[in-house]
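Down below is the structure, laid out as structure tokens.
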Amino acid sequence: MRQRRVRAAGIAAAVVALVAGGVSVLPALAAAGPTLAQVATARGFSIGTAAGVKTLASSQWRYVADTQFNSVTMGNEGKWDATEPAQGQFDFAAADFIADYARTTGKRLRGHTLVWHSQLPAWVSADRTAAEQRQVLLDHVTGVAGHFKNKVAQWDVVNEPFNEDGTFRSSVWYQRLGEDYIADALTAARAADPAAKLYINDYNVEGVNAKSTGLYNLVQRLQARGVPIDGVGLQAHLIVGQVPSTLRQNIERFTALGLKVEITELDVRIPLPADASELTQQAADYRAVVGACAAVAGCTGVTTWGVGEADSWVPAFFPGYGAALLFDEQWRARPAYSAVVEALGGTPSVPEPPATPSLVTVASWPFEAGLAGWGSRGSEVTAASTAAAHGGTGSVLSSGRTATWQGPTRPVLDLLTPGKLYTVSAWARTASGSGTARLSMQRQNGTATRYENVSANTAISTTWTRLSGDYLFLPGATALSVYLETTDTTGDLYLDDVTIQTEGTPTSGSASASASVSVSPSASRSPSASVSPSASRSPSRSPSVSPSSSASSGGTGCAVHYAKNDWGGGFAGDVTVTNTGSAAVNGWTLRWTFAGNQQVSQAWSTVLTQSGAAVTAVNAAWNGTIPAGASANFGFLASYTGGNTDPSAFTLNGTACTLR
Ligand code: XIL
């Protein structure tokens with residue numbers, strides 16, 4: 001992200017701009033200041049955001065998160081309803097996606113959350129004995145923490161165990177197991193992942209009050225019994241102007257117990273519409289919270305509960321409130337952004353917002369000439385029809401339905417890229433009467449089948465009904481089909497004008513082909529923080545050309561643009577690989593050999609391994625497909641002594657590439 005310099009100097013002593021090369025015309029280099037992540041990393045502090053699979057699929061979200069945060073927390077994907085929806089049946093597809101993102105972008109990962117009273121599937125609270133309930137808890141903690149062993153830096157093992165008066169919340173856990181459920185969960189988590197730091201997390205425990213004192217007393221009891229507990233998480237879902245004055249004092253009483261403290265879910269909500277004075281107050285509030293944490297040695301990081309308005313939970317959960325995070329509806333930094341940078345001792349430079357992505361059509365079925373791969377689901381008959389049409393003269397008619405789930409379907413596995421977000425749309429109509437039409441995806445993952453609804457609406461016989469919704473295609477599927485059904489009727493059903501669209505190359509914005517990396521070795525406290533791992537560019541923002549405009553050379557082929565930003569002894573590399581062949585590349589491995597003793601320490605948008613001078617860069621989960629004529633982009637940080645000559649040869653999946 002290119003940063004607009006607000007003030008000179010400070011930490012930005014060695015600020016440099018890195019050009020992402022490739023096939024597009026390069027913009028002029030902009031002087032850039034450090035990002036929030038760079039300021040935080042330089043002082044060994046974690047600045048995080050909650051991440052979700054849908055937010056991760058947005059190139060704009062990624063662009064901001066990649067550059068501004070060095071830590072991510074599982075938003076909803078690590079919760080019980082997501083990870084163990086049925087007893088003993090664990091599903092980590094969504095949470096793994098977040099863990100992969102953290103790994104490939106070099107961010108710390110916070111696990112959230114193992115034991116909570118909310119977002120629990122119904123089976124967890126079914127009638128059973130205390131011993132059985134305890135086993136349910138232990139199996140879950142062991143299964144989930146075990147799955148993420150060595151990947152999660154911190155787990156919110158127990159979430160929100162307290163009432164406002166400091167007594168225990170009467171959850172299914174406390175009711176059936178008493179206070180000991182907390183010790184049991186912590187002990188099981190430690191056994192499952194000894195490297196993860198274990199936290200108890202709650203809200204309204206930021207200041208010194210009855211609730212935080214309940215937490216304080218609990219952790220002392222746990223410590224006295226030798227139960228593993230490493231820290232407390234203060235969620236900090238705050239209202240503008242209401243930062244508790246005892247925040248720092250409260251943090252200090254916990255660190256005095258030898259515990260770490262994290263601010264885990266910070267947001268500062270404002271009654272809408274937010275005016276300038278409220279945004280100024282909010283900046284002061286953010287400054288106070290981050291400053292209080294940064295001032296205490298044992299307070300190790302601050303996580304905001306999302307990046308911008310689009311991924312904030314506040315508007316939906318606190319009607320009338322919003323504007324609670326560091327970035328706004330258009331991913332522009334709010335005044336609070338600069339306040340947080342300053343609270344961490346940095347010199348703010350306001351980042352330019354990411355470009356707006358275009359929408360490209362991946363597939364469309366107008367049904368003007370045949371079924372184009374659509375067929376029957378079950379015993380019904382799917383056939384081309386001209387009896388009704390939404391557009392043109394043709395549609396598809398499903399007749400002879402004997403069950404509600406039957407209807408037209410089409411395999412789409414080959415059309416979709418894992419990790420991408422799609423908008424799937426269709427028009428439906430009944431032949432007579434009405435029914436609840438549902439447009440869904442059937443996703444096969446080995447032997448497990450999932451039915452994921454995209455859109456539902458009432459379909460009638462006199463006019464067409466539009467069905468449209470988002471679908472995030474998670475990695476790991478072995479089969480995928482789109483289908484239409486009516487969940488309450490078996491009458492004949494028409495389908496027309498189905499489309500699948502996704503984000504394409506950004507169409508506007510000044511940041512579309514530049515990225516900045518700043519380095520300030522002298523400002524860092526720890527050696528590993530001397531270069532920032534977080535200055536990455538979103539993969540979908542790579543300067544790719546659209547397939548139609550590319551001059552394909554036929555067969556397979558590739559071109560590599562290798563750019564570096566060298567500050568002497570260290571450099572940031574930026575690699576753009578363009579598929580110059582005529583077919584899409586599905587999964588890529590780019591290899592090169594360094595000319596000197598360059599050693600990579602961090603990489604993003606790729607899984608990079610180095611053996612001696614030989615480097616192997618494999619696609620990340622989300623950028624494995626490179627359509628003909630398009631590009632993938634990734635970056636890395638490396639150190640060297642002596643010379644830093646560029647590699648002279650690259651291979652893509654074994655084929656030699658030309659250099660650009
Ligand atoms: C919220 C999520 O942001 C929402 O998307 C979800 O619908 C409800 O939960 N405390 C927590 C978080 O520990 O897990 C909650 O997250 C917000 C309050």
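As the structure lists them, so they are numbered: ligands from 1, and atoms in each ligand from 1.
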Give me the nearest non-hydrogen protein atom to [atom] as residue plus atom name, then the distance to 0.1 Å.
atom                   : answer
atom 7 (O) of ligand 1 : F317 CZ, 3.2 Å
atom 6 (C) of ligand 1 : N76 OD1, 3.4 Å
atom 3 (O) of ligand 1 : W305 NE1, 2.9 Å

- prompt: Judging by distance only, is a nitrogen or oxygen of N201 under 3.5 angstrom from one on ligand 1?
  reply: no
- request: Among F317, F318, W313, find the one that has a ring-ring contact (aromatic ring centres under 6.0 Å, His included) with H237.
  value: W313
message: Name the residue from F90, W116, W173 that meets the ring-ring contact (aromatic ring centres under 6.0 Å, His included) definition with W80.
response: W173
message: One residue to check: T113. Relative to ligand 1, which of side chain, backbone, both or neither has a non-hydrogen atom less than 4.0 Å away?
response: neither
- prompt: Is ligand 1 under 4.0 Å from a heavy atom in the side chain of N159, in the backbone, in both, or in neither?
  reply: side chain
Heavy-atom contacts with [X] under 4.0 Å: which atoms of ligand 1 show up? List them by number with element.
X    : answer
W116 : 14 (O)
Q235 : 10 (N), 11 (C), 13 (O), 18 (C)
E265 : 10 (N), 11 (C), 12 (C), 13 (O), 17 (C), 18 (C)
E160 : 10 (N), 11 (C), 13 (O), 18 (C)

query: For A236, does its backbone N or O pair with a side-chain atom of E206 as donor and acceptor, under 3.5 Å?
result: yes
task: Among T41, T49, T35, find the one that has a side chain to side chain donor-acceptor pair (under 3.5 Å) with N70.
output: T41
- prompt: Regarding R110 and the six-membered ring of Y199, is the cationic atom NZ or CZ under 6.0 Å from the ring centre and inside 45° of its axis?
  reply: yes
With a 4.0 Å cut-off on N to O distance, would you call [X] and [Y] a salt bridge?
X    : Y    : answer
D180 : R225 : yes
D328 : R332 : yes
E309 : R334 : yes

field: From M74, H237, Q119, K79 - option closest to atom 15 (C) of ligand 1 by heavy atom
entry: K79
- prompt: Within less than 4.0 angstrom of ligand 1, does Y203 place any heavy atom?
  reply: no
